[in-house]
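Here is the structure we will look at.
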Amino acid sequence: MAKGLLIDYEFCTGCHSCEMACRKEHGLSDGEFGIKIAEFIWPKRAEGLDWQHTDDWQYTYIPVPLDECDLCAERTAAGKLPTCVHHCQAKVMQYGEIGELALALSEKPKQTLFHP
């Protein structure tokens, strides 16, 4: 069965632990990534708020598996979690069967499912 990652980006802090763990696990050099934190910053919307003159910003970070990601095939074959999941400081990543992870998507907003 197909495996994937469910990422709850509501609580991702953008700490880059997943990136560093992946690079170390796979011996990637500077500029190479198996997973990369995408950072989105925009003004919060509030009724009557002039967004051009606000100091109230919303930050969202989403770990995105890239083409180089193989979900740590060697680790998972040995019964371990992918290194990004294992080292995630905020514990916002889950690894498992796509069907089971897809069911969890309905439990709360601000999640995304990746099948690299």
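Counting from 1, the numbers follow the sequence of the chain as shown.
- Annotation: the span from M1 atom CE to E100 atom CD amounts to 8.0 Å, rounded to 0.5 Å.
- One distance of note links CD of Q89 with SG of C15; it measures 5.0 Å at 0.5 Å rounding.
- Nearest approach of I37 to C18, heavy atoms of both residues: CD1-SG, 3.7 Å.
- Hydrophobic clustering (side-chain heavy atoms under 4.5 Å, transitive across Ile, Leu, Val, Met, Phe, Trp, Tyr) groups V64 together with F11.
- Applying the side-chain contact (heavy atoms from CB on, under 4.5 Å) rule to K3 yields the partners L71, Y95, E97; only residues at least two apart in sequence or on another chain are considered.
- Every pair passing salt bridge (Lys or Arg N to Asp or Glu O under 4.0 Å) that includes a residue from residues 72-91 is listed here, sequence neighbours excluded: E25-R75.
- Heavy atoms only, all atoms of each residue included: T76 and A73 are closest at OG1-O, 3.2 Å.
- The two residues P65 and P63 come nearest to each other via the heavy atoms CD-O, 3.8 Å.
- The side-chain contact (heavy atoms from CB on, under 4.5 Å) test applied to E10 returns D8, K108, K110, not counting sequence neighbours.
- By the criterion of side-chain heavy atoms lying less than 4.5 angstrom apart, applied directly or through intervening Ile, Leu, Val, Met, Phe, Trp or Tyr residues, I7 is not grouped with I98; the two fall into different hydrophobic clusters.
- Annotation: side-chain contact (heavy atoms from CB on, under 4.5 Å) contacts of H26 (sequence neighbours excluded): C22, L28, D70, C72.
- Screening residues 27-41 for salt bridge (Lys or Arg N to Asp or Glu O under 4.0 Å) gives E19-K36, R23-D30 as the qualifying pairs, with residues at least two apart or on separate chains.
- The structure places OG of S17 at 11.0 Å from NE2 of H86, a figure rounded to the nearest 0.5 Å.
- Taking the side-chain contact (heavy atoms from CB on, under 4.5 Å) definition, one finds that L101 meets it with L6, Q94, L113, sequence neighbours left out.
- Residue I62 comes nearest to F40 through the heavy atom pair CD1-CE1, 3.8 Å, listed as atom of the first residue, atom of the second, then distance.
- For the pair Y9 and Y61, the tightest heavy-atom approach, listed with the atom from each and the gap, is CB-O, 3.4 Å.
- Taking CG of L5 as the reference point, atom SG of C84 lies at 5.0 Å (rounded to 0.5 Å).
- Minimum interatomic distance between E68 and G34 (heavy atoms only, all atoms of both residues): CB-CA, 4.2 Å.
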